[in-house]
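Remarks on the structure that follows.
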Amino acid sequence: RLRKWQKRIKVSNAAERNLSQALQELERMASNLSIPNDVRETSAVIYRKAVKQNMIRGRSIEGVVAGSIYAACRITNVPRTLDEIASVTRVKKKEIGRTYRIMARYLKLNILPSKPDDYVNRFCSKLRLSMEARKRAEEILKMAIDNDLTSGKGPTGVAAAAIYIASLITGERRTQRAIAEVAGVTEVTIRNRYKELTEKLNLTIEE
Amino acid sequence: MSEMEKITIENIVASTSLAEHLDLSRIALALEGSEYEPEQFPGLIYRLKDPKTAVLIFRSGKVNCTGAKNLENVKKTIDIIIDKLKKAKIEVYDNPDIIVQNIVAVYDLESDLNLTDIAMSLGLENVEYEPEQFPGLVYRVEEPKVVLLLFGSGKVVCTGAKEESEIEQAVIKVKKELQKVGLI
DNA sequence: AGGTTACTTTCGAAAGC
DNA sequence: GCTTTAAAAAGTAACCT
């Protein structure tokens, strides 16, 4: 009856309000991260799926939006780090990671583990490195993956070390500090990965 | 069948009941070094040095024991608590049933693992591998119902088991699955 | 550069918010 | 869902010398 209709209208109003609020949040975060439109659309699709599966219960809209963006970046092979996503939200990195993992399982997103080479173009652009350096870094990473030097290691740390080596090879040297900053890892991590890559792949840097 | 020998139990969580009700404030005074801050957590925390375990005591009389590496030490811990409470004139049961709630163990597959390949062959829907967040691959086994953490070194952590036999079953199971797909 | 400590993940019980 | 306990795995981070 009338009560029932009022309730439905209220629910649908609330749902619509939440959805438009979420999509506004999504746009805000995405533009702060310079995420392209196709990836934003993928994020929105994922967010809508999460809503349909009642995944917002017990979670914040902001957290699910952040998780959707992280997932969409992963799916389109241009992953952003959890730190990058967290930098445009009040949601903590730990919570975004947790939400993302739950979404990936529950929504059956079947997302492959991220690989170091997915980060090369973005990090090299920020470092204004040449195409030659990117190519070198990708070659090094292919060897690293073929020799299984990456299991369990953070993809960004491995990518950072490969880029550091590539920058030395092409003579466009970037400091570990500069690379560490764009990759969001510490210089210690770059050194550790650098040591392992050069030793196990017998890489010689001098020219 | 002696995979058992290569399994190291690292922690056992067990629970029991020592009484219908316990006055934690009184116990806090009886057990030197105990921590009781009901605002923060409803249980009283008490750590033993030998065996090196920790006990949580609740006002319902329920008690949890964590940190023991074998069942004897779980029993020893509970007996020590019972003894100390009795000496403080606090009435508690004598031989309470002890229920093992969780066992954490480590096993070594003795072979480096390519976690990305394992994630794909075990099926992305059964496994979680997010190296940016954690170096281990999380594998939820349905039967026995335990969770395995697989590392690149070949080390495996098993948690969620209530009996040692479940750990052995799970370990043999993954080993066979990895051998079948040639990843070990 | 090292070294130490600490945090990430998994699990379960307990009582209460 | 959170709070607290213990414990391992391996990687990364933070802080100190």
Side-chain angles (χ1 to χ4, degrees), chain A residues 57-60 63 82-83 92-95 97-98 101-102 150-158 160 176 180 183-193 195-196, chain B residues 7-18 21-22 24 34-48 51-69 73-74 77 98-109 113 115 128-141 145-162 166-167:
Chain A
R57 282 182 187 177
R59 263 173 278 270
S60 67
L82 288 173
D83 284 319
K92 297 301 176 197
K93 166 184 179 177
K94 181 175 170 179
E95 179 60 22
R98 196 193 300 285
R101 275 178 278 139
I102 292 170
T150 64
S151 266
K153 272 90 175 180
T156 54
V158 179
Q176 292 181 2
V185 297
T186 62
E187 295 162 84
V188 176
T189 294
I190 293 183
R191 264 174 240 132
N192 290 339
R193 294 302 127 241
K195 195 182 295 179
E196 185 176 45
Chain B
I7 295 171
T8 307
I9 293 181
E10 303 285 355
N11 183 28
I12 294 177
V13 177
S15 62
T16 189
S17 180
L18 291 188
H21 289 294
L22 287 175
L24 299 187
S34 63
E35 298 171 28
Y36 179 47
E37 287 181 42
E39 310 283 354
Q40 187 175 110
F41 187 69
L44 177 150
I45 304 163
Y46 185 62
R47 295 180 175 78
L48 301 209
K52 188 178 178 297
T53 54
V55 174
L56 299 181
I57 304 176
F58 299 86
R59 64 176 182 171
S60 64
K62 298 287 183 60
V63 171
N64 288 348
C65 171
T66 62
K69 292 189 187 300
N73 285 345
V74 172
T77 296
I98 297 174
I99 303 172
V100 173
Q101 302 289 357
N102 183 28
I103 302 176
V104 179
V106 174
Y107 178 77
D108 192 351
L109 288 167
L113 305 177
L115 301 180
E128 253 178 42
Y129 174 48
E130 293 292 332
E132 186 191 341
Q133 299 176 55
F134 186 69
L137 179 154
V138 182
Y139 183 25
R140 291 166 204 280
V141 180
K145 190 176 175 302
V146 301
V147 172
L148 300 178
L149 304 180
L150 310 188
F151 295 86
S153 64
K155 292 279 181 46
V156 180
V157 170
C158 175
T159 186
K162 283 186 159 55
E166 296 176 329
I167 301 171

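Per chain, numbering begins at 1; letters A, B, ... match sequence-line order. These figures come from a predicted structure and were not determined experimentally.
- Atom C1' of nucleotide C:dA1 and atom CZ of A:Arg191 are separated by 7 Å, given to the nearest angstrom.
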Report task. Could you please spell out the steps behind the side-chain contact (heavy atoms from CB on, under 4.5 Å) verdict for B:Val106 and B:Asp108? Result -> CA-CA 7 Å; B:Val106 174; B:Asp108 192 351; over 6 Å; no

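- Note on A:Val185: only backbone sugar-phosphate atoms sit closer than 4.0 angstrom, heavy atoms only; bases stay farther off.
- Put simply, the side chain of B:Tyr129 gets close to the backbone of A:Gly152: a donor and an acceptor are under 3.5 Å apart.
- For the pair B:Leu56 and B:Thr159, nearest-nucleotide mapping onto DNA chain C gives the more 5' position to B:Thr159.
- Relative to the side chain of B:Lys155, the nucleotides D:dA6, D:dA10, D:dT3 differ in distance, and D:dA10 lies closest.
- Along DNA chain D, the nucleotide nearest B:Val13 and the nucleotide nearest A:Thr189 are compared for position; the residue whose nucleotide lies closer to the 5' end is B:Val13.
- OP1 or OP2 of C:dA14 has not a single side-chain nitrogen or oxygen of B:Ser15 nearer than 4.0 Å.
- At the heavy-atom level, B:Val157 lies under 4.0 Å from base atoms of the strands shown.
- Dashed line: the shortest gap from a side-chain N or O of A:Arg101 to OP1 or OP2 of C:dT10 is under 4.0 Å.
- Taking both residues in full, the closest heavy atoms of B:Ile98 and B:Ala14 are given as CG2-CB, 3.8 Å, listed atom of the first, atom of the second, then distance.
- With C:dA15, D:dA8, C:dG12 as the candidates, the nucleotide lying closest to the side chain of B:Gln101 is C:dG12.
- Checked against C:dA15, D:dA8, C:dT10, the side chain of B:Phe58 finds its nearest nucleotide in C:dA15.
- Among the heavy atoms of the strands lying under 4.0 Å from B:Ile45 are primed sugar atoms or P, OP1, OP2 only; no base atom is included.
- Here the side chain of B:Ala54 is nearest to one of C:dG12, C:dT8, D:dT5, namely D:dT5.
- Rounded to an integer number of Å, the gap from CZ of A:Arg98 to P of C:dT10 is 7 Å.
- Each of B:Leu113, B:Leu150, B:Val156 was checked for a side-chain contact (heavy atoms from CB on, under 4.5 Å) with B:Leu137, and the lone residue meeting it is B:Leu150.
- In the set C:dA1, C:dT10, C:dG12, the nucleotide with an atom closest to the side chain of B:Val147 is C:dT10.
- Taking 4.0 angstrom as the limit, B:Lys69 places none of its side-chain polar atoms (N or O) nearer than this to OP1 or OP2 of D:dA6.
- Atom CG of A:Leu82 is separated from atom C1' of D:dT12 by 14 Å (rounded to the nearest Å).
- The residue among B:Phe41 and B:Glu128 whose nearest nucleotide of DNA chain C lies closer to the 5′ end is B:Glu128.
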Query raised in the report: Under the side-chain contact (heavy atoms from CB on, under 4.5 Å) criterion, do B:Lys52 and B:Lys69 qualify, and how do the steps go?
Result: CA-CA 9 Å; B:Lys52 188 178 178 297; B:Lys69 292 189 187 300; over 6 Å; no

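- For the pair B:Arg47 and D:dA6, the criterion of a side-chain N or O lying under 4.0 Å from OP1 or OP2 is met.
- Considering only side-chain N and O atoms, A:Arg57 lies nowhere under 4.0 angstrom from the phosphate OP1 or OP2 of D:dG1.
- Rounding to the nearest 0.5 angstrom, the gap separating the CD1 atom in B:Ile12 from the OG1 atom in B:Thr66 is 11.0 Å.
- As judged by a 4.0 angstrom heavy-atom cut-off over every strand, A:Arg59 is placed among residues making no nucleic acid contact.
- Between A:Thr186 and the phosphate of D:dT12, there is no side-chain N or O to OP1/OP2 separation shorter than 4.0 Å.
- B:Tyr129 places its OH atom 13 Å from the P atom of D:dA10, with the value rounded to the nearest Å.
- Distances shorter than 4.0 Å separate none of the side-chain N or O atoms of B:Lys52 from OP1 or OP2 on D:dA6.
- Residue-level contact check: B:Gly136 touches neither bases nor backbone, having no heavy atom under 4.0 Å from any strand.
- Straight-line distance from the CG atom of B:Leu148 to the P atom of D:dA7: 21 Å, rounded to whole Å.
- Checked for salt-bridge contact, A:Arg59 and A:Glu95 miss the test: no charged N lies under 4.0 Å from a carboxylate O.
- Nucleic acid contact class of A:Gly152 (heavy atoms, under 4.0 Å, all strands): sugar-phosphate only.
- Among the protein residues, B:Gly61 comes within range of no part of the nucleic acid, since none of its heavy atoms lies under 4.0 Å from any strand.
- Closest to the side chain of B:Phe151, from the set C:dA15, C:dG12, D:dA10, is D:dA10.
- Toward the 5′ end of DNA chain D lies the nearest nucleotide of A:Gly58, the other residue of the pair A:Gly58 and A:Lys93 mapping further downstream.
- Across all strands shown, D:dT4 is found opposite C:dA14 as a Watson-Crick or G-U wobble partner, with both distances under 3.5 Å.
- At the heavy-atom level, B:Ser153 lies under 4.0 Å from the strands shown only through sugar-phosphate atoms.
- The shortest distance between the side-chain N/O atoms of A:Arg193 and the OP1/OP2 oxygens of D:dG11 is not below 4.0 Å.
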